[in-house]
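Notes follow once the structure below has been shown.
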Amino acid sequence: MSEEQIKNLEQQFEARIARDEKIEPKDWMPEKYRKTHIRQISQHAHSEIVGMLPEGNWITRAPSLRRKVALLAKVQDEAGHGLYLYSACETLGVSRNELYEQLHTGKAKYSSIFNYPTITWADMGAIGWLVDGAAIINQVPLCSTSYGPYARAMIRVCKEESFHQRQGFEIMMKLANGTPEQKELAQDALNRWWWPSLMMLGPTDAESVHTEQSMKWKLKRKSNDDLRQQFIDQTVPQADLIGLTIPDPNLKWNEERGSYDFGEINWDEFWQVVKGHGPCNKERIDARVNAWNNGEWVRDAAVAYADKKATKKQRQAV
Amino acid sequence: MKENLYNYILGIADNSLILGQRMGELTGHGPSLEIDIACTNISLDLFGQVRSYYQYAAKIAGDGRTEDDIAMLRKERDYLNVLLVEQPNTDFAYTIARQYLFDVYHAMFLTALQSSHDITLSAIATKSIKEVSYHQRFSSDWIKRLGDGTNESKLKIQNAVNTLWTYTDELFHQTEADKAMVTEHIGVDVTQLKKAYYQKVTSLLTEAALEVPKLKWFQKGGKSGIHTEHLGYLLSDLQYMQRTYPNMEW
């Protein structure tokens with residue numbers, strides 16, 4: 001294809017996106033679009049799968065049968081999200097195994113927040129309320145992103161995430177209204193998860209490298225700082241409602257802006273965790289790698305069995 | 001309180017509780033995403049059944065105890081599950097063999113329990129049988145895949161079946177509560193299920209190119225609360241929150 005033809009295709013492509021048309025797997029797309037989408041969708045899929053670990057940590061110790069069932073269902077939903085996000089990614093011409101390889105070798109990233117430990121039951125509430133809350137703010141705009149399979153996957157993901165968030169808030173509310181010991185668990189969890197949740201919405205706009213192009217492709221519709229502000233404005237009244245204190249002495253309502261002013265985020269901590277030196281980075285990747293390596297003989301057996309079946313069927317047909 | 005009925009329900013429910021807990025340990029660590037989802041699903045089904053049974057048992061006890069008290073605040077010797085379900089997830093072959101050896105029994109048991117004169121138990125059985133038929137399909141498919149897959153998988157699943165076989169006979173032992181409930185047409189006579197069980201299991205193992213273990217000696221004790229050493233650790237996790245933070249709502 002000549003350079004001019006490519007340029008022409010690119011123009012048509014950008015025009016389709018501008019008209020809010022969906023791009024489908026078999027449509028022509030610029031290589032950069034494909035690569036950016038593989039990166040973002042797989043990062044999202046990896047976050048779901050790694051995100052199963054900190055919560056999975058409490059399945060066997062959930063305090064009641066009702067909570068245990070809800071937690072199992074939630075973690076299972078995350079596996080489901082991973083599954084359809086990996087599938088959406090596969091439509092861009094990359095296999096799930098390649099994507100796993102990238103995760104296992106540290107080439108691909110996942111949401112940094114899952115590198116923090118879940119040390120008490122209240123962390124199940126804080127993750128649902130704050131982490132899923134921040135995730136929804138990030139993800140709702142993606143329901144109308146330009147790549148069809150991703151947009152459709154996100155519609156389902158968002159419905160389930162919003163259920164998870166309510167569930168998490170309900171855990172926190174119950175603790176906050178419980179005994180002094182329970183309230184202390186809730187406050188301690190909020191103290192530990194608040195700042196990482198703010199960081200989860202990404203570096204400040206000045207430091208964010210992918211924003212401009214992503215905005216054009218509707219992979220991103222608001223800047224990180226706007227999303228963060230939206231998250232804070234939405235969450236502070238919820239904390240007030242259940243009598244918990246946001247661990248930020250500089251948090252203050254700004255009448256003029258109609259938003260909360262907030263304190264300085266510790267970006268050194270953010271970059272430390274992103275670069276692989278958070279409290280649980282090693283544990284999380286080890287857990288994924290172990291599951292994958294320990295499961296190899298199982299997957300091999302399934303393939304060998306299917307091959308034998310197929311050969312047998314072929315012979316019968318002859 | 002109808003003590004026999006209460007103990008009878010616990011005998012059924014504890015199997016699902018302990019197996020559900022074992023399957024829940026695997027969430028997030030399965031050999032593939034699809035298997036992970038399936039194992040979590042089995043765990044969810046079992047805990048759903050557990051809740052129905054314990055809620056009913058709590059009603060029979062009638063002294064204010066709740067499903068969670070029954071699930072999480074008994075002493076080790078008061079759990080009445082069979083030894084089979086408490087065996088650990090040594091590897092995926094053990095998980096599947098344990099599941100399969102229990103599923104075949106569970107499906108037969110629930111089929112019979114549907115005719116119970118106790119309408120609550122009969123209703124729980126009718127609801128659960130659909131779930132358990134799926135569990136059985138999942139575990140038998142995997143027995144076949146592993147048995148007739150690679151040499152390694154064959155060896156692993158054969159080892160697991162050989163090790164767990166010793167716990168199968170207990171499924172067909174009758175407790176005092178069992179006997180009393182059979183007389184009242186509430187309970188299932190498990191001794192009647194034994195022949196069909198071994199026929200079914202033998203037929204599948206043969207299809208999966210596996211040897212059927214020839215054992216003369218079997219382990220028992222779970223139904224009277226004498227467990228293997230594995231159960232204590234499982235209970236430490238299961239009971240942790242209720243023991244550490246007593247008398248609170250969650």
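Residue numbers begin at 1 in each chain, while the letters A, B, ... track the order of the sequences. What you see is a predicted model; the values in this text were computed from it and never measured. What you see below is based on every heavy atom in this structure, not just the backbone, and it leaves out hydrogens, waters and symmetry mates.
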Report yes or no: does [X] contribute a side-chain atom to a donor-acceptor pair with the main-chain N or O of [Y] at less than 3.5 Å?
X	Y	value
Glu152(B)	Trp297(A)	no
Glu181(A)	Tyr245(B)	no
Arg288(A)	Gly28(B)	yes
Lys308(A)	Asp148(B)	yes

Heavy atoms only, distances under 4.5 angstrom: which of [options] has the most pairs with chain B? Name it, please.
options	result
Lys309(A), Lys68(A), Met52(A)	Lys68(A)
Ala291(A), Gly125(A), Gly82(A)	Ala291(A)
Leu71(A), Val50(A), Ile49(A), Ile59(A)	Ile59(A)

ask   = From Trp121(A) CH2 over to Thr244(B) OG1, what is the distance, rounded to the nearest 0.5 angstrom?
value =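 These two atoms lie 13.5 Å from each other.
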key: Approximate separation, where rounding is to 0.5 Å, of Met23(B) CE and Leu72(A) CG   =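 If I round to the nearest 0.5 Å, the distance is 11.0 Å.
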ask   = Do NZ/NE/NH1/NH2 and the carboxylate oxygens of Glu25(B) and Arg61(A) come within less than 4.0 Å?
value =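 Not counted as a salt bridge, because no side-chain N and carboxylate O are separated by less than 4.0 Å.
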ask   = Considering residues, nucleotides and ligands other than Tyr134(B), do more than 12 of their heavy atoms fall under 6.0 Å from its OH?
value =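 Check passes, neighbour count above 12.
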request  = Evaluate side-chain contact (heavy atoms from CB on, under 4.5 Å) for Ile37(B) paired with Leu83(A), printing each intermediate quantity in order.
outcome  = CA-CA 10 Å; Ile37(B) 291 173; Leu83(A) 202 57; 3.8 Å; yes
ask   = Side chains of Asn290(A) and His29(B): does their closest heavy-atom pair fall under 4.5 Å?
value =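 Contact flag for Asn290(A)/His29(B) side chains = no.
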query = Looking only at heavy atoms, what is the nearest atom pair of Val298(A) and Pro31(B), with distance?
reply =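 Heavy atoms only, the tightest pair is CB-CB, 4.0 Å.
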